Engineer: 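Okay, handing you the structure first.
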Amino acid sequence: MSATMVTIAMPKGRIFEEAAELLRKAGYKLPPEFDDSRKLIIDVPEENLRFILAKPMDVVTYVEHGVADLGIAGKDVMLEEDRDVYEVLDLKISACYLAVAGLPDTTYGVAPKVATKYPKIASSYFREQGEQVEIIKLNGSIELAPLIGLAERIVDIVSTGRTLKENGLVELQRIQDITSRLIVNPVSYRMKDQYIDDMVERLSAVIEGAK
Ligand code: PRP
């Protein structure tokens, strides 16, 4: 019988780099050319692994539909996209947080506009605060919105804080800490439980050791 092949979806860029490092520390042999490849599907037959590289919000879609058994997704994506996948491990990589930000000394009228890539998270945050706002969905470069008068405030990810600073914006409220999570398709978790449990155990050991 052939060995179990496991497909793992992850975003390109920083999460990919940090996840690859974590997998290597957990003993997975990933070839050196792995890191700067432009391929969207990378097979590592020695480890029975296939990687697919996708946009962060789409990783969850691939896992939910079962074309990827596993995925690596930010907690921000998990909160925004209410999907039928299991979150099995906090990888504690790509740490950042969600915050409300805006230009300093702005006065707000009734139902001020809030620009964000996270309409669901932003709506529930302001609802909890008892504040009425109008949410405007954008797909990126959120910091632009207050600068050109599209919105008074934004809800976005802050990592180093450089984007806010260099655009003259200030953080107003911190909403939630974010890290990347290992997510699993429920059917894959039943069919490939041995491989997945082994991976979770090995990654957990690395994460615990790094504390
Ligand atoms: C993210 C986020 C902020 C920025 C924060 O954007 O939306 O804009 O990074 O990082 P910093 O605090 O280190 O400056 P990303 O680069 O993912 O692109 P996007 O604007 O297209 O969402």
Side-chain angles (χ1 to χ4, degrees), residues 8-22 34-40 42 51-64 68 71-83 85 87 90-106 112-126 128-129 131 133-183 210:
I8 177 163
M10 49 174 108
K12 290 179 248 185
R14 196 158 67 94
I15 294 181
F16 177 80
E17 284 164 27
E18 291 185 39
E21 192 188 334
L22 202 56
F34 189 71
D35 304 70
D36 28 60
S37 172
R38 291 288 168 105
K39 283 188 178 165
L40 300 175
I42 307 175
F51 291 83
I52 57 178
L53 302 183
K55 286 277 176 197
M57 295 273 186
D58 295 338
V59 163
V60 201
T61 304
Y62 287 103
V63 176
E64 186 179 42
I72 293 180
K75 185 68 186 175
D76 52 333
V77 176
M78 298 303 291
L79 290 169
E80 184 65 28
E81 305 277 310
D82 188 19
R83 304 293 192 90
V85 297
E87 187 185 309
D90 181 352
L91 298 170
K92 308 220 167 112
I93 56 171
S94 305
C96 53
Y97 58 95
L98 274 165
V100 183
L103 285 165
D105 309 319
T106 305
K113 294 187 179 113
V114 175
T116 186
K117 212 162 41 176
Y118 305 97
K120 192 170 153 233
I121 297 172
S123 304
S124 72
Y125 174 76
F126 286 107
E128 276 165 27
Q129 303 293 308
E131 236 190 295
V133 297
E134 184 188 334
I135 304 289
I136 300 177
K137 165 86 163 58
L138 290 177
N139 293 303
S141 301
I142 314 299
E143 292 82 356
L144 195 55
L147 304 180
I148 55 151
L150 178 66
E152 282 91 348
R153 280 178 283 180
I154 60 168
V155 166
D156 200 20
I157 290 286
V158 180
S159 176
T160 61
R162 271 191 67 190
T163 310
L164 289 183
K165 195 156 181 261
E166 292 187 15
N167 291 290
L169 299 171
V170 290
E171 189 182 312
L172 302 168
Q173 287 112 21
R174 192 169 172 130
I175 301 181
Q176 152 115 34
D177 286 337
I178 303 291
T179 47
S180 292
R181 311 297 163 111
L182 184 68
I183 61 171

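Numbers here are sequence positions counted from 1. Atoms within a ligand are numbered from 1 in the order they appear, just like the ligands themselves. This one's a predicted model, so the numbers in the text were calculated from it and none came from an experiment.
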Engineer: Using a strict 4.0 Å cut-off to heavy atoms of Ile157, name the atoms of ligand 1 that fall inside it.
Structural biologist: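 The atoms of ligand 1 under 4.0 Å from a heavy atom of Ile157 are 2 (C), 3 (C), 5 (C).
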Engineer: Under a 4.0 angstrom heavy-atom cut-off, which atoms of ligand 1 come close to Gly161?
Structural biologist: 11 (P), 12 (O), 13 (O)
Engineer: Looking at every heavy atom in both Lys117 and Ile142, which two are closest together, and how far apart are they?
Structural biologist: N-CD1, 3.8 Å
Engineer: Would you please name every residue forming a side chain to side chain donor-acceptor pair (under 3.5 Å) with Arg162, sequence neighbours left out?
Structural biologist: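 With sequence neighbours excluded, Arg162 shows a side chain to side chain donor-acceptor pair (under 3.5 Å) to Glu166, given in chain and number order.
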Engineer: Counting heavy atoms only, name the option from Asp156, Thr116, Asn167, Val158 that's nearest to atom 2 (C) of ligand 1.
Structural biologist: Asp156
Engineer: Tell me which donor-acceptor pairs under 3.5 Å the side chains of residues 144-158 have, and how far apart each pair is, sequence neighbours excluded?
Structural biologist:
unit_1	atom_1	unit_2	atom_2	d
Glu152	OE1	Lys113	N	2.8
Arg153	NH1	Glu131	OE2	3.2
Arg153	NH2	Glu131	OE2	2.7

Engineer: Yes or no, since that's all I need: does a protein heavy atom fall within a distance strictly under 4.0 Å of atom 16 (O) of ligand 1?
Structural biologist: no
Engineer: What residue and atom, counting heavy atoms only, is the protein's closest point to atom 20 (O) of ligand 1, and at what distance?
Structural biologist: Ser141 N, 2.8 Å
Engineer: Which atoms of ligand 1 are found less than 4.0 Å from any heavy atom of Thr160?
Structural biologist: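 The atoms of ligand 1 under 4.0 Å from a heavy atom of Thr160 are 11 (P), 12 (O), 13 (O), 14 (O).
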Engineer: How far is atom 4 (C) of ligand 1 from the closest protein heavy atom, and which atom is that?
Structural biologist: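 Nearest protein contact, heavy atoms only, for atom 4 (C) of ligand 1 is Thr163 OG1, 3.7 Å.
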Engineer: Short list, please: which atoms of ligand 1 are under 4.0 Å from a heavy atom of Glu143?
Structural biologist: 3 (C), 8 (O)
Engineer: Right, does atom 12 (O) of ligand 1 have protein non-hydrogen atoms nearer than 4.0 Å?
Structural biologist: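 When distances to the protein are checked, atom 12 (O) of ligand 1 has a heavy atom within 4.0 Å.
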Engineer: If only atom types and distance count, is the side chain of Lys120 paired as donor or acceptor with the main-chain N or O of Leu79 below 3.5 Å?
Structural biologist: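 Yes; at least one donor-acceptor contact below 3.5 Å.
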Engineer: Determine, counting only non-hydrogen atoms of the protein, whether one lies under 4.0 angstrom from atom 8 (O) of ligand 1.
Structural biologist: yes
Engineer: So, do Ile175 and Val100 sit near enough that their side-chain heavy atoms are less than 4.5 Å apart?
Structural biologist: yes
Engineer: Would you call Lys117 a ligand 1 contact, heavy-atom distance under 4.0 Å?
Structural biologist: yes
